[in-house]
Amino acid sequence: MYFSIGEWVSFQHTLGFILVKNVKERKCLVQFGLSSEVDMKWIPVELLSSREEVRLLEEDIGELQNLAIELEDAEWYKELEGRVMK
């Protein structure tokens, strides 16, 4: 499984990002949306496509940092912090 937590992916033409990986079952929990219309689904990795070209606005990164805090994911928070400083 080559996807990372926090990585942007697409599934059926919908953009989302990976919250959790299940290596044993080869699935990722993907969150679609950043507002009150948030949807989360377990998706098999073979159905996901990487979207490394996605560029985030500074306020988007702030929202993702808030999510990283909620998920207690310090590593992802630090990665996002590095994106703000670039």
Side-chain angles (χ1 to χ4, degrees):
M1 185 177 308
Y2 59 90
F3 295 110
S4 302
I5 293 175
E7 183 175 343
W8 288 95
V9 293
S10 67
F11 170 70
Q12 296 180 341
H13 307 291
T14 304
L15 190 63
F17 59 95
I18 295 178
L19 292 174
V20 179
K21 298 189 310 184
N22 183 325
V23 177
K24 183 177 179 182
E25 295 184 20
R26 296 189 42 79
K27 294 181 181 180
C28 293
L29 181 62
V30 180
Q31 177 174 321
F32 302 96
L34 291 175
S35 63
S36 60
E37 299 292 324
V38 170
D39 184 24
M40 291 183 253
K41 295 179 182 175
W42 284 98
I43 312 289
V45 294
E46 56 272 3
L47 300 179
L48 296 172
S49 300
S50 180
R51 291 292 177 240
E52 293 179 10
E53 73 278 2
V54 172
R55 297 292 178 249
L56 302 174
L57 300 174
E58 193 167 331
E59 56 265 23
D60 296 330
I61 294 173
E63 288 294 319
L64 292 174
Q65 285 178 309
N66 290 337
L67 180 61
I69 291 169
E70 288 179 34
L71 296 172
E72 299 178 3
D73 191 333
E75 183 178 329
W76 185 28
Y77 183 89
K78 288 177 186 176
E79 178 187 327
L80 292 165
E81 190 172 51
R83 290 186 183 192
V84 172
M85 294 179 183
K86 288 183 181 181

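Numbers here simply count residues along the sequence, with the first being 1.
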Using the side-chain contact (heavy atoms from CB on, under 4.5 Å) definition, which of the options Asp73, Leu67, Val30 pairs with Leu19? Leu67
To the nearest 0.5 Å, what is the distance between [atom1] on [X] and [atom2] on [Y]?
{"X": "Phe11", "Y": "Ser49", "atom1": "CZ", "atom2": "OG", "result": "10.0 Å"}
{"X": "Cys28", "Y": "Ile43", "atom1": "SG", "atom2": "CD1", "result": "9.0 Å"}
{"X": "Lys41", "Y": "Leu47", "atom1": "NZ", "atom2": "CG", "result": "12.0 Å"}
{"X": "Ile69", "Y": "Leu64", "atom1": "CD1", "atom2": "CG", "result": "11.5 Å"}

Is the number of heavy atoms from other residues, nucleotides or ligands under 6.0 Å of Glu46 CD greater than 12? yes
Does the side chain of [Y] come within less than 4.5 Å of [X]'s, by heavy atoms?
{"X": "Pro44", "Y": "Arg26", "result": "no"}
{"X": "Ile5", "Y": "Val20", "result": "no"}
{"X": "Asn22", "Y": "Trp42", "result": "yes"}
{"X": "Val45", "Y": "Lys27", "result": "no"}
{"X": "Phe17", "Y": "Phe32", "result": "no"}

Before giving the answer on side-chain contact (heavy atoms from CB on, under 4.5 Å), spell out for Ile18 and Val9 the whole-Å C-alpha distance, their side-chain angles and the decisive distance to 0.1 Å. CA-CA 7 Å; Ile18 295 178; Val9 293; 3.9 Å; yes
Taken in chain and number order and not counting sequence neighbours, the residues that satisfy side chain to side chain donor-acceptor pair (under 3.5 Å) with Ser4 are none
Identify the heavy atoms of Leu29 and Met40 that sit nearest to each other, and give their distance. CD1-CB, 4.1 Å
So, for Trp8 and Gly16, which heavy atoms are closest and what is the spacing to 0.1 Å? CE3-O, 3.1 Å
Please determine whether side-chain contact (heavy atoms from CB on, under 4.5 Å) holds for the pair Asp39 and Gln31, giving the CA-CA distance in whole Å, both sets of side-chain angles, and the decisive distance to 0.1 Å. CA-CA 6 Å; Asp39 184 24; Gln31 177 174 321; over 6 Å; no
Donor-acceptor pair, Lys21 side chain versus Phe3 backbone, under 3.5 Å? yes
